[in-house]
Amino acid sequence: MLRSLEEVFELAKNKKCKRLAVVAAHDPETIKAVVKAKREGLISPILIGKEEEIEHLLDYQNESPKDYEIIHLPDNNEAAKRAVELVKENKVDCLMKGHLDTAEIIRAVVNKDTGIAVDSVVSHVNIMELEKYPKLVVLTDVAINIAPTFEEKQVILANAVKVLKALNYDMPKVAAVCAIEKVNPKMLETVEANQLKEMNQQGLIKDCIIEGPISFDIAMDTGRSERKHFKGNIQGDADILLMPNLLAGNLLSKGLGIFGNGIGIGIVMGAQVPVILSSRGALADIKYQSILGCLAILD
C-alpha cells in the first residue's frame with residue numbers, strides 16, 4: 001500500500017532511463033517538465049510539434065536544442081500519428097500529451113488500422129493523493145470513456161488493477177461506486193456493480209477484491225461505513241474507485257482536486273505503451289509528476 005505520491009516518485013527514480021515521445025511539445029509547462037526529467041537522467045525525450053517554438057522554449061530553459069531530438073510536425077493529428085509510429089518502431093517506451101486535445105492523441109492511439117491499442121478499450125487511470133485519505137486512491141475512468149458498457153467496465157477495471165500491480169500491490173480493493181449500496185433495477189450501475197462483485201467471487205475477475213454497489217462515502221470513510229453498519233469487503237479503505245460513467249468520475253476528480261487539495265497523475269492504459277495525459281492547463285510540476293508516475297509502472 002502506498003501512502004503518498006512521493007513513494008511512487010521514488011520508485012520511478014530507481015528505474016532505467018526511458019524513451020519518451022511528447023506530442024505537440026510546443027508548450028512552456030510541458031517543456032519545463034521534460035527538461036527537468038531529462039536533467040535527472042530519467043528520460044530520453046523526442047519532441048514532436050512546432051520546431052521553432054520548441055527550440056525557443058528550450059533556449060528559455062537554458063537548454064541547447066541540439067541536445068534534443070525534435071520532429072517538426074505542426075499539425076497535431078500528424079504529430080500524434082508520428083508518435084504512434086515511433087511506438088511501433090520500438091523507439092519509445094511511453095507517450096506524453098502536450099498542447100493538444102485529449103481526443104486528438106487518443107484517436108491516433110485507438111485507430112483500427114494504424115493505432116497501438118491492445119485492449120478493446122483504453123482508459124484513464126487517475127492516481128490521487130488526498131489530504132484526508134491515508135493512502136493513494138485510483139479513480140477510473142475520468143477522461144475517456146463516456147458511458148462504458150458492462151464489458152468495457154471490466155477492461156477499465158483490469159487496466160487500473162494493472163497499474164497498482166505494477167506498483168507492488170497484491171490485491172487492491174475496488175469499489176464499484178454508485179449512489180446507493182443496494183441493487184436497484186432502475187439504476188443500471190448498481191446491477192452491474194453487483195455483477196462485477198459476483199464475477200470476482202467466482203474467480204472470473206482476478207487480482208483484486210471488488211465491492212459493489214457501494215457509495216463513495218462508505219468506500220472512503222471508515223467512520224461512515226461503521227455508522228451505516230455496512231458489511232462488505234471495503235470499510236472506508238478503497239484502493240480503486242470504479243466510476244459508473246465519465247461524468248461522475250470527472251466531476252469527482254476535479255472536486256477532490258479543488259476542494260480536497262487532491263494531487264492527481266493521469267495515465268492512459270490499454271495501449272502498447274502508457275500515455276501520460278496531463279491537462280493542458282496543468283503546471284510543470286504536475287506534468288513532471290505525471291512523467292514520474294508513468295515511469296514507476298514501467299519495467
Side-chain angles (χ1 to χ4, degrees), residues 12 16-118 122 124 143-144 265-284 286-295 297-298:
K16 293 181 180 179
C17 179
K18 300 298 182 182
R19 303 163 298 172
L20 171 67
V22 185
V23 183
H26 44 271
D27 171 70
E29 300 301 318
T30 300
I31 290 295
K32 287 180 188 177
V34 169
V35 166
K36 183 176 181 180
K38 182 179 183 297
R39 286 174 177 170
E40 294 176 354
L42 299 174
I43 61 169
S44 174
I46 299 175
L47 306 177
I48 309 171
K50 300 177 182 178
E51 184 174 16
E52 187 175 342
E53 291 185 28
I54 293 170
E55 289 179 344
H56 173 74
L57 292 170
L58 288 171
D59 285 334
Y60 190 75
Q61 295 297 316
N62 297 315
E63 290 285 292
S64 172
K66 295 180 181 179
D67 294 333
Y68 289 77
E69 182 175 349
I70 302 173
I71 299 175
H72 178 61
L73 284 172
D75 180 86
N76 288 344
N77 291 315
E78 289 300 315
K81 182 179 178 182
R82 181 60 186 134
V84 165
E85 290 173 351
L86 290 172
V87 174
K88 290 185 170 183
E89 294 166 7
N90 195 30
K91 293 181 178 179
V92 295
D93 302 300
C94 47
L95 303 181
M96 181 176 184
K97 171 189 169 185
H99 192 70
L100 76 166
D101 290 336
T102 294
E104 291 176 301
I105 188 169
I106 295 302
R107 272 199 303 268
V109 168
V110 302
N111 185 287
K112 291 182 179 180
D113 298 320
T114 60
I116 53 172
V118 294
V122 298
H124 184 263
I144 297 177
I265 52 178
I267 305 168
V268 174
M269 299 292 290
Q272 291 177 27
V273 299
V275 182
I276 302 165
L277 202 66
S278 301
S279 168
R280 283 178 296 167
L283 296 176
I286 296 298
K287 292 177 181 286
Y288 167 75
Q289 291 172 355
S290 294
I291 293 173
L292 293 183
C294 181
L295 299 182
I297 68 171
L298 292 172

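Note: hydrogens, waters and symmetry copies are ignored here, and every other heavy atom, side chains too, is used.
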Quick check: closest heavy atoms across [X] and [Y], and the distance to 0.1 Å?
X: Glu78; Y: Leu73; answer: O-CD1, 3.7 Å
X: Ala12; Y: Leu292; answer: CB-O, 3.1 Å
X: Ala117; Y: Val122; answer: CB-CG1, 4.0 Å
X: Thr30; Y: Gly98; answer: OG1-CA, 4.0 Å
X: Cys17; Y: Ser44; answer: SG-N, 3.6 Å
X: Ala24; Y: Ala79; answer: N-CB, 4.3 Å

Which value, rounded to the nearest 0.5 Å, describes the distance between [X] atom [atom1] and [Y] atom [atom2]?
X: Leu47; Y: Glu55; atom1: CG; atom2: CD; value: 10.0 Å
X: Tyr68; Y: Leu57; atom1: OH; atom2: CG; value: 11.5 Å
X: Leu42; Y: Leu295; atom1: CG; atom2: CG; value: 6.0 Å
X: Lys50; Y: His26; atom1: NZ; atom2: NE2; value: 4.5 Å
X: Glu40; Y: Ile291; atom1: CD; atom2: CD1; value: 10.0 Å
X: Leu283; Y: Gln289; atom1: CG; atom2: CD; value: 10.5 Å

**OP:** I would like to know whether Asn77 and Arg107 meet side-chain contact (heavy atoms from CB on, under 4.5 Å); could you show each step before the answer?
**Re:** CA-CA 9 Å; Asn77 291 315; Arg107 272 199 303 268; 3.5 Å; yes
Original post:
Out of Leu86, Val273, Ile43, which one pairs with Val92 under the side chain to side chain contact (heavy atoms under 4.5 Å, CB included) rule?
Top reply: Leu86
Do [X] and [Y] come close enough that some side-chain heavy atom pair is under 4.5 Å?
X: Pro65; Y: Ile54; result: no
X: Thr114; Y: Val84; result: no
X: Ile297; Y: Met269; result: yes
X: Ile31; Y: Leu58; result: yes
X: Val23; Y: Glu104; result: no

**OP:** Step by step, work out the side-chain contact (heavy atoms from CB on, under 4.5 Å) result for His56 and Glu53.
**Re:** CA-CA 5 Å; His56 173 74; Glu53 291 185 28; 5.6 Å; no
Original post:
Can you find a side-chain donor-acceptor pair between Lys97 and Thr102 that sits under 3.5 Å?
Top reply: yes
Original post:
Pick from Arg19, Gln272, Lys18: which one makes a side-chain hydrogen bond (donor to acceptor under 3.5 Å, both in side chains) with Asp93?
Top reply: Arg19
Subject >> Carboxylate-amine/guanidinium contact Arg82 Glu85, below 4.0 Å >> reply: yes
**OP:** Using a strict cut-off of less than 4.0 Å between a Lys/Arg side-chain nitrogen and an Asp/Glu carboxylate oxygen, indicate whether Glu63 and Lys32 qualify as a salt bridge.
**Re:** no
**OP:** Could you go through the side-chain contact (heavy atoms from CB on, under 4.5 Å) check for Ile105 and Val275 one step at a time?
**Re:** CA-CA 9 Å; Ile105 188 169; Val275 182; 3.9 Å; yes
Subject >> Pair Asp27-Lys287, side-chain contact (heavy atoms from CB on, under 4.5 Å): steps then yes or no >> reply: CA-CA 11 Å; Asp27 171 70; Lys287 292 177 181 286; 3.8 Å; yes
